[in-house]
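Remarks on the structure that follows.
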Amino acid sequence: MSATLIAPATARLQRSQLAVPASNTALFEKAARSQADVIFLDCEDAVAPGEKAAARRNVVDALNDIDWGTKTMQVRINGLDTEYMYRDVVDIVEACPRLDMLLIPKAGVAADIYAIDMLVSQIELARRREKRIGFDVLIETALGLANVDQIAQSSRRIEALSFGVGDYAASVRARSTVIGGQHPDYGVLAEGSAGGERVFHPADLWHYAQSRVLVACRAYGLRAIDGPFGDYSDAQGYAAAARRAAALGYEGKWAIHPSQIALANDAFTPGPAELEQARRILAAMERAQAEGRGAASLDGRLIDIASIKMAENMLRLAVPAAVATPGGRQ
């Protein structure tokens with residue numbers, strides 16, 4: 001183990017992150033009553049340029065007037081390359097003590113985060129704000145992915161990195177027009193069999209980028225969150241994408257439609273079989289250590305100290321999820 005120890009970010013349950021356009025106030029109360037762990041009121045892509053100022057006012061009213069319960073509340077501000085960003089930060093952070101986090105889009109370099117951190121820090125000092133604002137940073141460009149390690153270390157406010165697959169696909173010029181979907185040509189054609197038959201094996205178009213973001217998160221103590229799946233009519237496709245991200249090590253996924261919330265909560269909550277196996281691993285290792293052994297065999301497989309860590313990770317995920325969704329999978 002390295003002697004360099006990284007303190008983990010503030011712990012929050014972030015299995016499902018519901019996107020709500022800040023220009024559509026009719027959705028606010030429904031979002032507040034939903035089972036989403038996190039809600040972000042979106043001032044960026046979901047709002048037309050002529051509606052930006054009104055959307056900002058809607059956010060201030062909603063954060064101050066609506067009972068959001070225990071949900072983590074985010075606002076996705078506009079990008080640093082726009083004329084809207086500074087007013088998003090100033091107007092909303094100054095006026096909204098209920099705000100928990102800012103969702104920062106299209107981060108390209110560490111200096112982007114520093115600029116917003118400095119502005120937020122000045123507001124907190126001036127307003128004597130008691131709750132410290134956290135950052136969720138969107139990695140959704142080639143530049144952002146190339147600099148993801150520096151970005152992850154750029155501010156102690158950063159709690160999570162989210163992978164924004166739509167803008168990332170546009171940035172790298174992927175041959176895809178479906179947000180979060182796959183491409184039928186992306187895969188490997190196997191060598192021919194004795195009979196000359198060749199099988200095509202589809203592959204995950206986004207695996208490298210997701211893995212790269214995940215590694216940066218785990219190296220620097222952050223949560224890894226998977227971004228949107230655009231076809232909200234395809235529940236099966238969304239669930240598969242969510243479970244794939246969960247298997248990789250992500251802690252949650254965006255929901256761009258309320259129908260995706262339950263799918264995300266389910267995918268990122270360990271099931272009974274997973275939890276039982278984790279408990280069996282810990283019990284087997286406890287017996288082995290009592291006998292002076294550092295490894296053991298369980299169901300014909302080797303388990304050791306690394307197995308303990310993996311099992312503890314699984315059980316750790318279940319505790320906050322059980323509180324948030326009593327009677328759920330666990």
Can you give me the closest heavy-atom contact between [X] and [Y], atom names plus distance?
X: Ala55; Y: Val47; answer: CB-CG1, 3.8 Å
X: Ile225; Y: Ala160; answer: CG1-CB, 4.2 Å
X: Ala62; Y: Trp68; answer: O-NE1, 3.0 Å
X: Gln150; Y: Ala110; answer: O-CB, 3.7 Å
X: Ala216; Y: Val148; answer: CB-CG2, 3.8 Å

With a 4.5 Å cut-off on side-chain heavy atoms, are [Y] and [X] touching?
X: Phe40; Y: Val20; value: no
X: Arg132; Y: Glu124; value: yes
X: Ile113; Y: Phe135; value: yes
X: Val137; Y: Ile151; value: yes
X: Gln210; Y: Asp226; value: yes
X: Thr72; Y: Met101; value: yes
X: Asp136; Y: Gln14; value: yes
X: Arg129; Y: Lys131; value: yes

What residues form a side chain to side chain donor-acceptor pair (under 3.5 Å) with [X], not counting sequence neighbours?
X: Asn58; value: none
X: Asp117; value: Ser121, Ser155, Arg157
X: Glu140; value: none

### Query
Atom CZ in Arg15, atom CG in Leu263: separation rounded to 0.5 Å?
12.5 Å

List for me each residue that meets side-chain contact (heavy atoms from CB on, under 4.5 Å) alongside [X], sequence neighbours excluded, and say none if there are none.
X: Ala53; value: Arg56, Arg57
X: Leu125; value: none
X: Ile179; value: Val165, Pro228

### Query
Between Arg218 (side chain) and Leu222 (backbone), is there a donor-acceptor pair under 3.5 Å?
yes

### Task
Could you tell me whether a side-chain N or O of Lys253 sits under 3.5 Å from a main-chain N or O of Ala246, the two making a donor and an acceptor?
no

### Query
Would Asp149 and Arg212 pass as an ion pair if we require N to O under 4.0 Å?
yes

### Message
Any carboxylate oxygen within less than 4.0 angstrom of a Lys/Arg side-chain nitrogen, looking at Glu159 and Arg12?
### Response
yes

Are [Y] and [X] connected in a single hydrophobic cluster, I mean Ile/Leu/Val/Met/Phe/Trp/Tyr linked by side-chain heavy atoms less than 4.5 Å apart?
X: Ile256; Y: Val178; answer: no
X: Ile39; Y: Phe268; answer: yes
X: Val59; Y: Leu18; answer: yes

Side-chain polar contacts of residues 22-34 - donor-acceptor pairs under 3.5 angstrom, sequence neighbours left out - could you list them?
from	atom 1	to	atom 2	distance (Å)
Asn24	OD1	Ala26	N	3.4
Ser34	OG	Ala31	O	2.7
Ser34	OG	Ala36	N	3.3

### Query
What pairs with Tyr232 under ring pair (Phe, Tyr, Trp, His ring centres under 6.0 Å), at least two apart in sequence or on another chain?
His257

### Task
Can you establish whether the number of heavy atoms outside Arg198 located under 6.0 Å from its atom CZ is more than 12?
yes

### Message
Within the supplied structure, the quantity of interest is the number of heavy atoms (other residues, nucleotides, ligands) at a distance under 6.0 Å from Tyr114 OH; does it exceed 12?
### Response
no

### Query
For Arg87 and Asn78, what are the C-alpha separation, side-chain angles and deciding distance, and is it a side-chain contact (heavy atoms from CB on, under 4.5 Å)?
CA-CA 9 Å; Arg87 284 259 65 97; Asn78 284 280; over 6 Å; no

### Message
When you compare the side chains of Asp37 and Gln17, does any donor N or O come within less than 3.5 Å of an acceptor on the partner?
### Response
no

### Query
Have Gln153 and Tyr220 got a donor and an acceptor in their side chains that come within less than 3.5 Å?
yes

### Query
Quick check, are the ring centers of Phe229 and Trp254 under 6.0 angstrom apart?
no

### Summary
Sorted by chain and residue number, the salt bridge (charged side-chain N to carboxylate O under 4.0 Å, His left out) partners of Asp45 (sequence neighbours excluded) come out as Lys106

### Task
Check salt bridge (charged side-chain N to carboxylate O under 4.0 Å, His left out) between Asp204 and all other residues, then give those that pass, not counting sequence neighbours.
Arg244

#### Entry: ring-ring contact (aromatic ring centres under 6.0 Å, His included) contacts touching residues 148-186 (sequence neighbours left out)
Phe163-Tyr168

### Task
Any pair with a residue in residues 78-111 that passes ring-ring contact (aromatic ring centres under 6.0 Å, His included), sequence neighbours left out, goes on the list, sorted by first then second residue, please.
none

### Task
For a side chain to side chain contact (heavy atoms under 4.5 Å, CB included) with Ile92, tell me which candidate from Leu63, Leu41, Ile77 qualifies.
Leu63

### Task
Starting from the C-alpha separation in whole Å, work towards a yes-or-no answer on salt bridge (Lys or Arg N to Asp or Glu O under 4.0 Å) for Asp266 and Arg243.
CA-CA 9 Å; Asp266 184 70; Arg243 292 191 181 282; 2.3 Å; yes

